[in-house]
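Handing you a structure now.
Positions are given from 1, in the same order as the sequence printed here.
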Amino acid sequence: MEAGITRIVVVGASGQLGREVMRAFQAVGWYPVVGLSHGEIECTDPASVLEAIMPLRPGVVVNCAAFVRVDACEDDPQRAFQVNALGALYVARACRKAGARCVYISTDYVFDGAKPDPYAEDDLPNPLNVYGASKLAGELLVRQACPDALVVRVASLYGGQGARGKGTNFVLTVLDRARRGEPLRVVDDIRMSPTYTVDAARAIVELLRRGVAGVFHVVNEGSCTWYEFAQKALELAGLEVHVESVPHTAYPTKARRPANSALSTEKLRRTGVCLRPWQDALAEYVARLAAGGDTGR
């Protein structure tokens with residue numbers, strides 16, 4: 001890490017990924033870590049952003065704040081762009097003023113899913129929905145304000161006790177419904193890269209340790225459909241439950257989803273950072289859920 005850093009600041013620290021980023025930095029013990037939740041910073045207000053960040057004299061700011069409810073973004077595109085694009089810009093400008101490294105968390109939904117293979121960082125983005133468009137705008141604005149910014153694209157996150165605002169995640173929902181004896185019908189024609197928040201957070205720390213900049217895909221190795229992911233979670237939990245495979249049209253949504261948003265991690269591996277296969281990460285998460293312990297570290 002660079003000399004002169006006084007603090008590491010995590011914006012959106014109460015979210016599913018933000019909590020793990022906090023833990024990952026605390027574990028390495030480089031510098032004091034300060035988390036800012038929505039009650040402490042309003043990312044859509046540039047004055048609030050400066051007032052929250054500048055007194056902390058940060059050397060690194062990781063912006064995990066986002067409007068992540070994909071279908072809700074279709075109903076309120078103004079809010080989506082205020083948070084995911086303009087909010088990202090305001091945080092990046094504060095980073096530039098403070099002389100801090102800026103890390104922006106983006107998404108696999110910047111792609112349209114037309115490519116049959118996993119997407120690389122230099123593939124052309126073409127988002128299908130407002131959420132993806134707002135996050136792509138955020139990427140561009142952050143890199144315009146901070147050319148040395150680190151943009152991290154994650155995908156299909158799960159971890160802890162779920163996402164703030166949702167109260168759950170896909171794995172928790174599947175296991176809960178299976179234990180209650182409810183029927184399970186899961187989409188089998190959308191492919192993605194499921195990612196454990198613990199692994200994503202640790203990778204972010206490692207990328208900063210190496211001082212890299214630019215866009216990186218940070219996901220667990222491999223890809224699967226949501227149906228395959230659900231089946232594996234149930235198998236690991238020891239639940240013999242029938243899962244019906246259905247097309248995505250069985251669950252009409254306001255926002256279109258890419259049929260394939262799997263992300264390539266070849267660029268990430270070239271930096272010396274490598275996340276474990278998604279099956280291994282899921283096994284650890286399910287085991288920690290079963291033990292009733294900490295589903296983070």
Reference residue L234; test side-chain contact (heavy atoms from CB on, under 4.5 Å); the match among L184, V286, V171:
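Going through L184, V286, V171 one by one, the side-chain contact (heavy atoms from CB on, under 4.5 Å) with L234 is satisfied by L184 alone.
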Taking the side chain as every heavy atom from C-beta outward, state whether P247 and V187 have any atom pair closer than 4.5 Å.
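Side chain of P247 against side chain of V187, heavy atoms only: no contact under 4.5 Å found.
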Holding to salt bridge (charged side-chain N to carboxylate O under 4.0 Å, His left out), I want the full list of residues that pass it with R143, two or more places apart in sequence or in another chain.
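Partners of R143 under the salt bridge (charged side-chain N to carboxylate O under 4.0 Å, His left out) test: none.
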Electrostatic pair R276:E284 at N-O distance under 4.0 angstrom
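Yes, this pair counts.
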For the residue pair R191 / T225, report whether a side-chain donor-acceptor contact shorter than 3.5 Å exists.
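Note: T225 and R191 side chains miss the donor-acceptor criterion.
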Same apolar cluster (I L V M F W Y, side chains within < 4.5 Å links), V273/V60:
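Yes.
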Side-chain donor or acceptor of Y158 paired with backbone N/O of L282 under 3.5 Å
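Answer holds: yes.
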Within 45° of the axis and under 6.0 Å from the centre of the six-membered ring of F229, does NZ or CZ of K232 qualify?
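That pair does not qualify as a cation-pi contact.
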Contact between R19 and R23 at the side-chain level, heavy atoms closer than 4.5 Å - yes or no?
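In short, these two side chains do not touch, never coming nearer than 4.5 Å.
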For the pair D148 (side chain) and R101 (backbone), establish whether a donor and an acceptor sit closer than 3.5 Å, ignoring hydrogens and angles.
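Not confirmed, D148 side chain does not pair with R101 backbone.
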Hydrophobic cluster identity match, V68 and V83, side-chain contacts under 4.5 Å
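As far as the 4.5 Å side-chain criterion goes, V83 and V68 are not connected within one cluster.
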Are any of the side-chain heavy atoms of M192 and S223 separated by less than 4.5 Å?
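No - every pair of side-chain heavy atoms lies 4.5 Å or more apart.
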Closest approach of A13 and G35, non-hydrogen atoms and distance?
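Distance-wise, the nearest heavy atoms are CB-CA, 3.5 Å.
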List the steps and the verdict of salt bridge (Lys or Arg N to Asp or Glu O under 4.0 Å) for D71 and R257.
CA-CA 10 Å; D71 291 318; R257 267 76 167 173; 2.8 Å; yes
Would you check if the side chain of N84 reaches a backbone N or O of F67 as a donor-acceptor pair within less than 3.5 Å?
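Confirmed, N84 side chain pairs with F67 backbone.
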Which atom pair, heavy atoms only, marks the closest approach of L275 to A200?
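Scanning both residues completely, I find the closest heavy atoms to be CD2-N, 4.2 Å.
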Is there a chain of hydrophobic side chains (I, L, V, M, F, W, Y, each step under 4.5 Å between heavy atoms) that links Y31 to L56?
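As far as the 4.5 Å side-chain criterion goes, L56 and Y31 are not connected within one cluster.
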Quick one: does Y251's side chain get under 4.5 Å of V246's, heavy atoms only?
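A side-chain contact exists here, since the closest heavy-atom pair is under 4.5 Å.
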Do any N or O atoms from the side chain of D189 and from the backbone of H248 form a donor-acceptor pair under 3.5 angstrom?
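Pair found, side chain donor or acceptor close to backbone of H248.
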Does S14 reach the main-chain N or O of S37 with its side chain, forming a donor-acceptor pair under 3.5 Å?
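Judged by distance alone, no pair lies under 3.5 Å.
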When you compare the side chain of V10 with that of C64, does any pair of heavy atoms fall below 4.5 Å?
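Side-chain contact under 4.5 Å: yes.
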Under a 4.5 Å cut-off applied to non-hydrogen side-chain atoms, are Y285 and N169 in contact?
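The answer is yes, as the side chains (C-beta and beyond) meet within the 4.5 Å cut-off.
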Quick one: are F25 and V62 in side-chain contact, heavy atoms under 4.5 Å?
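Yes, side chains in contact.
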Following the transitive rule for hydrophobic clusters with a side-chain heavy-atom cut-off under 4.5 Å over Ile, Leu, Val, Met, Phe, Trp and Tyr, establish whether V21 and V215 coincide in one cluster.
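No: no chain of side-chain contacts under 4.5 Å links V21 to V215.
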Steps toward side chain to side chain contact (heavy atoms under 4.5 Å, CB included) verdict (V61, V103):
CA-CA 6 Å; V61 177; V103 182; over 6 Å; no
Is there a donor-acceptor pair closer than 3.5 Å between any side-chain N or O of N260 and the backbone N or O of D117?
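Checked: pair present.
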Work out which heavy atom in C73 is nearest to a heavy atom in V130; give both atom names and the distance.
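Closest heavy-atom pair between C73 and V130: O-CG1, 3.5 Å.
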Any donor and acceptor pair, going by atom type alone, linking the side chain of R185 with main-chain N or O of V243 inside 3.5 Å?
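Absent.
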Just how far is it from atom CG of L50 to atom CZ of R93, taken to the nearest 0.5 Å?
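That separation rounds to 10.0 Å.
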Check the side chains of T173 and R177 for a donor-acceptor pair under 3.5 angstrom, ignoring hydrogens and angles.
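Judged by distance alone, the side chains do not pair up.
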So, R57 side chain and A98 main chain: donor-acceptor pair closer than 3.5 Å or not?
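No, R57 side chain to A98 backbone: no donor-acceptor pair under 3.5 Å.
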Given salt bridge (Lys or Arg N to Asp or Glu O under 4.0 Å), test E266 with R269 step by step and report yes or no.
CA-CA 5 Å; E266 181 179 349; R269 291 196 301 271; 5.2 Å; no
Are K267 and F216 in a cation-pi setup, meaning NZ or CZ lies under 6.0 angstrom from the ring centre and within 45 degrees of the ring axis?
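Output yes; distance and angle both within limits.
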Please check if atom CD in Q78 has more than 12 non-hydrogen atoms from other residues, nucleotides or ligands closer than 6.0 Å.
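Count not over threshold, so no.
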Take N63 and Y90, measure what side-chain hydrogen bond (donor to acceptor under 3.5 Å, both in side chains) needs, and give me the verdict at the end.
CA-CA 11 Å; N63 185 9; Y90 299 148; over 6 Å; no
Under a 3.5 Å threshold, yes or no: a donor from one side chain and an acceptor from the other, between D280 and Y196?
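Y196 and D280 do not have a side-chain donor-acceptor pair below 3.5 Å.
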Compute whether any side-chain donor of one residue and acceptor of the other, for E42 and T44, lie under 3.5 angstrom apart.
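Yes, T44 and E42 have a side-chain donor paired with an acceptor closer than 3.5 Å.
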Same apolar cluster (I L V M F W Y, side chains within < 4.5 Å links), L207/Y104
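No.
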Is there side-chain contact between P258 and F111, with at least one heavy-atom pair below 4.5 Å?
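Side chain of P258 against side chain of F111, heavy atoms only: no contact under 4.5 Å found.
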Just do the side-chain hydrogen bond (donor to acceptor under 3.5 Å, both in side chains) check on N220 and T195 with the steps written out, would you?
CA-CA 5 Å; N220 284 110; T195 305; 4.6 Å; no
In terms of side-chain heavy atoms, does E139 have a donor or acceptor partner in S106 at a distance below 3.5 Å?
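Yes.
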Hey, are D112 and Y119 close enough side-chain-wise for a donor-acceptor pair under 3.5 Å?
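A pair is found: one side chain offers a donor N or O, the other an acceptor, under 3.5 Å apart.
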State whether E121 and R153 are salt-bridged, where the test is any N-O pair (Lys NZ or Arg NE/NH1/NH2 against Asp/Glu carboxylate O) under 4.0 Å.
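Answer for the salt bridge query: no.
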Heavy-atom closest pair, residues P125 and L136:
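Here P125 and L136 meet closest at CB-CD2, 3.8 Å.
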Once rounded to the nearest 0.5 Å, what's the spacing between atom CG of D75 and atom CZ of R69?
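The distance works out to 10.0 Å.
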With a 3.5 Å distance limit and no angle check, can you tell me whether K135 reaches the backbone of D108 through a side-chain donor-acceptor pair?
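No, because the side chain of K135 does not come within donor-acceptor range (under 3.5 Å) of the backbone of D108.
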Checking side-chain contact (heavy atoms from CB on, under 4.5 Å) against I105, which of V152, L157, V151 comes through?
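Going through the options one by one, the only one that passes is V152.
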Backbone N/O of A120 and side chain of D123: donor-acceptor pair under 3.5 Å:
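Looks like yes, one N/O pair under 3.5 Å.
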